[in-house]
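Notes for the one structure printed next.
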Amino acid sequence: MPYRRKFLTRAGYTTLSALLTMGFLQKDKQKEEPSAKELVLNYTAKNYPLRELAAAKGKRYGAAISSDILLKDKDYANLIARECSIVTPNGELKWNATEPQQGLFTFESADAIANFCQKHNIDMHGHTLFWHMGKPDWLPYPPTLKMIERHVKGVMGHYRNSKVLKSWDIANEIIADNENETDNPTYGLRKGVKPELIRDLFLIAASVDNSKEFYLNDFGIEGATWKSERFLKMVEYLKNSGVKIDGAGIQSHLWFSTAYSFDEKGFNSVLKRLNDLEVKPIITELDIIIDAPLPDSIEKLDQMIADSYKRYLDLCFAAKVDTVITWGLTDRHTWIRHPDWMPGKTFRDNPNLWKFLRPLPFDEKFQPKPAYNAIAQAFEQAT
Ligand code: 9MR
């Protein structure tokens with residue numbers, strides 16, 4: 001389960017002084033330097049959306065979005081259009097949404113997103129053709145090759161001529177979390193999944209539409225771990241098999257805490273190894289939780305989250321990452337606030353702490369938070 005993931009850092013305090021220097025947290029010197037809040041207002045007033053700051057560096061910023069909210073909430077739609085140059089459908093392209101009954105395809109909600117993208121000049125990241133959790137009840141996991149073939153032809157075929165859909169998460173979360181959940185110690189694939197099946201999935205995808213970028217997407221690979229090692233081996237296997245694989249999606253659902261540290265060196269080595277394999281790393285599902293011990297105010301929490309965003313993105317941009325997608329844009333719509341997903345030990349049984357779950361750049365009222373500034377600054381400082 002994704003909420004078990006732990007790729008965490010100590011809360012970015014090492015960057016605190018750097019951020020102070022940059023005018024990020026000027027409480028004592030408000031007269032000379034703008035406060036974080038004023039900086040946010042400046043960004044908005046100057047109309048510097050993240051998509052433009054990213055574009056100035058040849059990069060893209062975006063978010064996971066939901067068609068149902070898009071269609072009924074104008075403010076949400078406007079915010080997405082203003083800030084994003086790429087979006088990922090939250091669930092609309094998963095197998096359970098596109099082929100709810102065997103052989104019967106439906107694209108209404110995914111097309112709503114594609115049309116929105118077309119109108120606002122936004123790229124769409126196709127998520128995902130193969131995932132053990134986003135599957136209809138009728139489908140076994142892993143599916144047979146025949147089922148995969150029909151599904152991939154149906155879904156990729158529908159978007160073959162799409163001008164906005166530029167990339168696909170061909171497979172999502174195929175690597176197990178630890179050695180007990182796999183029968184394949186080399187690649188660490190989830191039980192029942194064979195490397196040849198994934199290779200064939202990529203081959204089928206290329207035969208349907210090789211004009212898009214193909215990604216292998218996973219979480220828990222943001223450091224040197226058992227899982228990231230297997231993920232890299234699998235990427236290498238696919239490369240060596242000669243199949244088309246353009247990139248690796250590093251989900252980046254991150255928990256940071258002062259109580260445990262982030263494996264900066266390990267993360268850098270994952271990025272380096274992907275670059276060496278000529279498999280482009282992108283950040284596909286970024287959001288940040290601060291885990292216990294919690295600070296004594298929301299203001300401090302927001303600053304810790306902002307510091308963590310900045311620190312993480314600085315590492316990504318130093319490794320030439322060109323695409324950053326957050327898993328949602330506002331704290332009003334985040335999977336993390338769902339009781340099934342929120343981190344158990346600290347939050348699940350403590351509803352009074354849920355207000356500390358503020359993982360995204362905009363708050364519940366669609367106001368930019370210090371995290372927004374941090375992302376903006378990371379793009380501005382990227383080379
Ligand atoms: O955010 C998504 C949530 O709304 C859905 O209920 C869930 C099941 O489809 O999927 C969530 O998105 C997941 C993504 O597809 C893959 N990585 C983990 C994301 C958060 O669970």
Side-chain angles (χ1 to χ4, degrees), residues 1-8 62-73 76 80 84 86-100 106-107 109-110 112-113 124-139 141 143 151 155 165 167-177 181 190 193 198 215-222 227-228 231 247-255 281-289 323-344 347-348 354 357-362:
M1 300 286 272
Y3 59 74
R4 279 202 218 120
R5 63 198 63 168
K6 287 230 173 202
F7 283 92
L8 319 177
I65 67 171
S66 296
S67 57
D68 52 339
I69 312 170
L70 197 65
L71 295 175
K72 64 174 191 249
D73 184 342
Y76 175 84
I80 304 286
C84 296
I86 179 167
V87 298
T88 306
N90 186 60
E92 290 79 351
L93 280 173
K94 290 169 185 167
W95 198 316
N96 55 1
T98 52
E99 198 186 350
T106 156
F107 297 105
S109 57
I113 294 181
M124 183 164 159
H125 182 62
H127 173 81
T128 171
L129 296 169
F130 187 96
W131 185 34
H132 64 293
M133 293 186 84
K135 73 172 201 62
D137 290 341
W138 61 265
L139 189 77
Y141 186 85
H151 183 70
V155 180
L165 199 154
S167 49
W168 281 105
D169 284 335
I170 301 294
N172 187 43
E173 302 179 7
I174 58 171
I175 311 292
D177 289 342
E181 294 171 13
R190 286 182 189 281
V193 182
I198 302 301
Y215 287 83
L216 183 66
N217 194 48
D218 220 318
F219 69 89
I221 52 173
E222 303 84 357
K227 185 165 178 175
S228 65
F231 180 85
I250 302 174
Q251 290 189 10
S252 313
H253 294 289
L254 304 172
W255 305 359
I282 67 169
I283 305 304
T284 48
E285 305 189 14
L286 178 59
D287 48 24
I288 296 180
I289 292 178
T323 300
V324 175
I325 301 167
T326 48
W327 203 245
L329 194 55
T330 95
D331 294 338
R332 192 189 301 180
H333 306 294
T334 165
W335 70 292
I336 282 166
R337 289 196 178 184
H338 193 288
D340 283 356
W341 303 106
M342 63 179 57
F347 294 100
R348 213 162 339 125
W354 293 358
L357 294 167
R358 296 168 62 83
L360 292 166
F362 289 84

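In each ligand, atom 1 is the first atom listed, and ligand 1 is the first ligand listed. These numbers come from a predicted model, not from an experiment.
Close approach to His253 involves these atoms of ligand 1, each under 4.0 Å from a residue heavy atom: 18 (C), 19 (C). Against a heavy-atom cut-off of under 4.0 Å, Asn90 is close to the following atoms of ligand 1: 1 (O), 2 (C), 3 (C), 4 (O). Against a heavy-atom cut-off of under 4.0 Å, His127 is close to the following atoms of ligand 1: 14 (C), 15 (O), 16 (C).
The residue from Lys94, Met133, Lys135 that puts a heavy atom closest to atom 11 (C) of ligand 1 is Lys94. With distances taken over non-hydrogen atoms, the option nearest atom 12 (O) of ligand 1 out of Trp95, Trp327, Trp335, Trp131 is Trp327.
Among His151, Met133, His132, the single residue meeting the side chain to side chain contact (heavy atoms under 4.5 Å, CB included) criterion with Trp95 is His151. Among Thr88, Thr326, Asn217, the single residue meeting the side chain to side chain donor-acceptor pair (under 3.5 Å) criterion with Glu285 is Asn217. Ile250 pairs in a side chain to side chain contact (heavy atoms under 4.5 Å, CB included) with only one of the listed residues (Thr284, Ile282, Ile221, Asp218), which is Ile221.
In plain terms, the two heavy atoms of Gly328 and Leu360 that are nearest each other are O-CD2, 3.3 Å.
At least one heavy atom of Glu285 sits closer than 4.0 Å to an atom of ligand 1. Heavy-atom distances between His338 and ligand 1 stay at or above 4.0 Å for every pair.
Note: an N/O pair closer than 3.5 Å links Gln251 and ligand 1 by distance alone. Considering backbone and side-chain N/O atoms, Asn172 never comes within less than 3.5 Å of an N/O atom of ligand 1.
Inspection of the Trp335 and Asp287 side chains reveals an N or O donor paired with an N or O acceptor under 3.5 Å.
A distance-only check finds no donor-acceptor pair linking the side chain of Lys94 to the backbone of Pro89 [under 3.5 Å].
Two rings, from His127 and Trp327, have their centers less than 6.0 Å apart.
Looking at Phe219 against ligand 1, nothing comes within 4.0 Å, counting heavy atoms.
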